[in-house]
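Before any comments, here is the structure.
To find a chain, count down the sequence lines: A is the first, B the second, and so on, and within it residues start at 1.
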There are 2 protein chains.
Amino acid sequence: MPNIKEIAKLAGVSVSTVSRVLNNHKYVNEQKRAKVLQIIEEHNYVQNSNAVHLSTGKTKVLGVTLPMVNNQYYSTILEGIAAEAAHHDYKLMVCQTNNSLEHERSILQLLANKKIDGLIMFSRANSCDTLTEYAEYGPIITCEANDTTTVSSVHIDHYQTFLIGMEYLIQKGHRRIGYCLGRKNSFNSQHRKRAYEEKLRSVGMTPAPEWAFEDCVTIQDGMEVASKLMQLENRPTAMIVSCNHIAAGLYKEASRLGLNIPQDIAIIGCDDQPIGELLEITTVSSSSNRMGRYAFEMLHERIVNQGKVWEKEEQVLLPVLVERNST
Amino acid sequence: MPNIKEIAKLAGVSVSTVSRVLNNHKYVNEQKRAKVLQIIEEHNYVQNSNAVHLSTGKTKVLGVTLPMVNNQYYSTILEGIAAEAAHHDYKLMVCQTNNSLEHERSILQLLANKKIDGLIMFSRANSCDTLTEYAEYGPIITCEANDTTTVSSVHIDHYQTFLIGMEYLIQKGHRRIGYCLGRKNSFNSQHRKRAYEEKLRSVGMTPAPEWAFEDCVTIQDGMEVASKLMQLENRPTAMIVSCNHIAAGLYKEASRLGLNIPQDIAIIGCDDQPIGELLEITTVSSSSNRMGRYAFEMLHERIVNQGKVWEKEEQVLLPVLVERNST
DNA sequence: CTGTTAGCGCATTCAG
DNA sequence: CTGAATGCGCTAACAG
């Protein structure tokens with residue numbers, strides 16, 4: 001496997017000229033360009049990317065952190081990013097963090113190591129301070145709201161999402177409303193919870209602890225909520241659930257245990273996963289794919305214009321109620 | 001941001017000593033090691049990965065190609081790989097190919113470019129010849145059977161899978177059996193189809209073209225199959241479906257259109273997606289997660305022992321029937 | 001145990 | 001339009 005030097009020698013030109021041909025610079029004599037191309041072809045020359053990376057200081061690779069790969073919500077965002085990335089010839093380093101602080105930090109470190117040009121974080125375990133610290137090494141975009149003064153984000157308005165869901169349930173006559181949330185301490189969950197409580201109080205109800213389910217992440221978790229609901233004396237008449245797949249678990253298990261939906265219990269979800277559509281679950285939805293695309297665009301802008309001073313920017317996606325048959 | 005040279009100067013040692021400290025080599029005076037570490041700390045030194053990559057010829061990055069990220073079957077394999085990769089400190093470059101020849105080829109090219117140390121292909125669009133050609137640049141593992149003489153694979157025995165499914169349906173008394181397959185020309189599909197036809201003929205039936213559905217990839221595709229089935233005069237009494245999410249689409253839409261399952265039509269799927277479990281769809285399952293783990297292990301062995309001559313190896317996962325309520 | 005030195009392969013001024 | 005020379009930051013063989 002020859003390198004650029006050998007190609008230069010064989011073509012009877014300098015390495016700079018080969019480099020120019022490789023990078024499609026103009027101002028190269030057509031004869032020479034052709035000759036270089038021919039030699040490259042004949043000798044199966046391929047560029048060593050690592051040398052290019054070292055020399056240019058860029059890799060055209062973006063990092064993406066997400067708690068788990070095998071989750072429709074995240075993989076839909078990922079698909080949005082992947083589509084845009086492919087379009088701009090960027091590769092994606094996809095890193096599952098399992099919400100581990102250390103693991104996530106090791107990804108942030110890739111930015112410092114120049115292994116990636118930028119980072120998109122779907123979810124975040126480390127503190128805003130840590131985030132700010134690493135943002136000095138390269139652009140970061142979060143797909144959640146964050147409290148830093150420098151790190152931009154694109155996110156769904158989770159407060160609005162729950163507000164819309166709650167208003168809808170209340171207008172349907174529900175008063176005993178429960179909820180399922182994901183990671184208890186995430187920004188997303190906190191905003192959702194606040195909307196839930198405010199709205200419930202606004203109709204004179206006091207949020208009951210036994211109607212609150214947190215740390216629901218998998219379909220299985222949704223199913224367990226159903227079992228727990230069955231044991232309640234004062235069961236809620238409606239549940240607002242942060243993700244469609246959890247809503248799906250709740251839906252199916254509640255049905256199996258004999259509850260009629262929506263008569264005995266109404267269920268409303270909060271994203272746009274196919275499983276929600278399949279089971280015809282009402283949802284307050286935003287486009288995860290679109291979120292991914294925006295995230296890429298914001299990151300890309302910042303990578304291309306590294307010199308510019310970037311203000312913090314927040315792209316907020318507004319949710320829309322999609323009424324189906326579970327409410 | 002200082003480099004290794006400046007750290008060396010500040011610590012009063014040579015760059016080699018700093019390098020040794022960085023790479024945890026033994027035979028470094030404890031005093032000097034401590035001093036170097038201190039200077040590194042004080043000056044926020046971070047290694048430039050690209051220089052390391054160039055120098056060592058390795059990146060500790062693995063490529064993964066899959067047709068689409070947003071598919072439970074693939075993301076479950078991916079999760080298996082991700083778990084093992086994290087354990088061995090490898091990063092994953094995840095590339096969506098959309099089954100495009102060119103796009104997939106551009107990923108194979110990463111191997112030649114030394115941007116990745118090895119490649120796992122969940123699915124493959126390019127020819128076996130192309131595969132063989134690129135395998136000279138670095139190890140490749142496919143998660144499908146392949147006809148090369150050098151590229152190893154770990155795959156589900158799709159022939160057996162369909163055979164088991166067909167035997168089960170036949171034993172249940174079904175004779176008019178139809179199928180849904182994914183990409184028409186993939187290896188997987190061909191094996192499945194062969195099992196289907198052989199088994200059906202073995203009970204004296206002739207495969208009917210109108211019972212055959214190909215290029216089913218999404219839930220939506222499954223739903224469309226249901227509509228088409230409704231229009232048949234001589235509708236099959238059972239369907240064997242290559243993926244659970246397609247089976248799920250078929251299941252729900254068929255129900256919605258008034259068919260009782262399994263009385264009017266039995267449905268059997270062929271993997272271990274959560275949606276199949278949720279809808280209680282009978283399936284012939286293999287562990288996709290395990291497949292991912294094997295794939296990583298095989299690839300890792302080959303990367304670590306690059307010198308060794310590797311024979312082609314095929315890890316075959318045997319499927320198991322999981323009986324549920326759709327048959 | 002340590003330092004010197006020669007690459008790794010390419011991009012990019014700077015002259016011409 | 002072209003080439004020589006320098007640098008990117010680190011590893012590793014080699015000599016001591």
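- Listed by chain and number, the residues in a side chain to side chain donor-acceptor pair (under 3.5 Å) with B/N113 amount to none (sequence neighbours excluded).
- At a threshold of 4.5 Å between non-hydrogen side-chain atoms, the residues B/I4 and B/L22 count as touching.
- Across all strands shown, B/N23 has heavy atoms under 4.0 Å from sugar-phosphate atoms exclusively, and none from any base.
- Nucleotide C/dT2 holds its C1' atom 17 Å from the NZ atom of B/K26, rounded to whole Å.
- Applying the salt bridge (Lys or Arg N to Asp or Glu O under 4.0 Å) test to every pair with at least one member in residues 6-15 of chain A, sequence neighbours left out, gives no pairs at all.
- Rounded to an integer number of Å, the gap from B/K114 NZ to C/dC10 C1' is 15 Å.
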Report all interatomic pairs (protein N or O, nucleotide N or O of nucleotides 13-16 of chain C) with separations under 3.5 Å.
none

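- B/N71 meets the side chain to side chain donor-acceptor pair (under 3.5 Å) test with no other residue; sequence neighbours excluded.
- Separating the NE2 atom of A/H53 from the P atom of C/dC8 is a distance of 19 Å, rounded to the nearest angstrom.
- Between A/Q47 atom CD and C/dA11 atom C1' the separation is 10 Å, expressed in whole Å.
- To the nearest angstrom, P of D/dG9 lies 13 Å from NZ of A/K58.
- DNA chain C is contacted by B/V28, B/N29, B/K32 of residues 28-46 of chain B, taking any non-hydrogen atom closer than 4.0 Å.
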Taking only distance into account, with no hydrogens and no angle test, what donor-acceptor pairs under 3.5 Å do side-chain atoms of residues 78-90 of chain B form with protein atoms, sequence neighbours excluded?
| residue | atom | partner | partner atom | Å |
| --- | --- | --- | --- | --- |
| B/E84 | OE2 | B/R293 | NH1 | 2.8 |

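- The stretch residues 4-14 of chain A touches DNA chain D through A/V13, A/S14, each having a heavy atom within less than 4.0 Å of the strand.
- B/D129 and B/S127 form no side-chain donor-acceptor contact under 3.5 Å, judged by distance and modelled atom types alone.
- Side chain of B/A51, nearest nucleotide from D/dG9, C/dC10, D/dT11: D/dG9.
- When the shell of 6.0 Å around NZ of A/K312 is examined, it contains more than 12 heavy atoms from other residues, nucleotides or ligands.
- Remark: B/K58 pairs with no residue by the salt bridge (Lys or Arg N to Asp or Glu O under 4.0 Å) rule, at least two apart or across chains.
- Sorted by first and then second residue, the salt bridge (Lys or Arg N to Asp or Glu O under 4.0 Å) pairs involving residues 295-310 of chain A (not counting sequence neighbours) are A/R302-A/E313.
- Sorted by first then second residue, the side-chain hydrogen bond (donor to acceptor under 3.5 Å, both in side chains) pairs that include residues 33-47 of chain B, not counting sequence neighbours, are B/E30-B/R33, B/Q38-B/E42.
- Within 4.0 Å (heavy atoms only), A/S19 reaches at least one base atom of the nucleic acid.
- Regarding B/N3, its CG atom lies at a distance of 6 Å from the P atom of D/dG9, rounded to whole Å.
- The shortest distance between side-chain heavy atoms of A/K114 and A/Y137 does not fall below 4.5 Å.
- Listed for the A/D117 side chain is a donor-acceptor partner under 3.5 Å among the backbone atoms of A/K60.
- Looking at heavy atoms from C-beta onward, B/V64 lies out of side-chain contact with A/V94 at the 4.5 angstrom threshold.
- For C/dG9, neither phosphate oxygen OP1 nor OP2 lies less than 4.0 angstrom from any side-chain nitrogen or oxygen of A/N48.
- Between the C1' atom of C/dA11 and the CG atom of A/N24 lies a distance of 15 Å, rounded to the nearest Å.
- Under the rule for a side chain to side chain donor-acceptor pair (under 3.5 Å), A/T56 has no partner lying at least two apart in sequence or in another chain.
- Summary for the helix from C/dC1-D/dG16 to C/dG16-D/dC1: the axes at its two ends, each from 5 pairs, differ by 30° when rounded to the nearest 10 degrees.
- Put simply, CG on A/N113 is 12 Å from C1' on D/dG9, counting in whole angstrom units.
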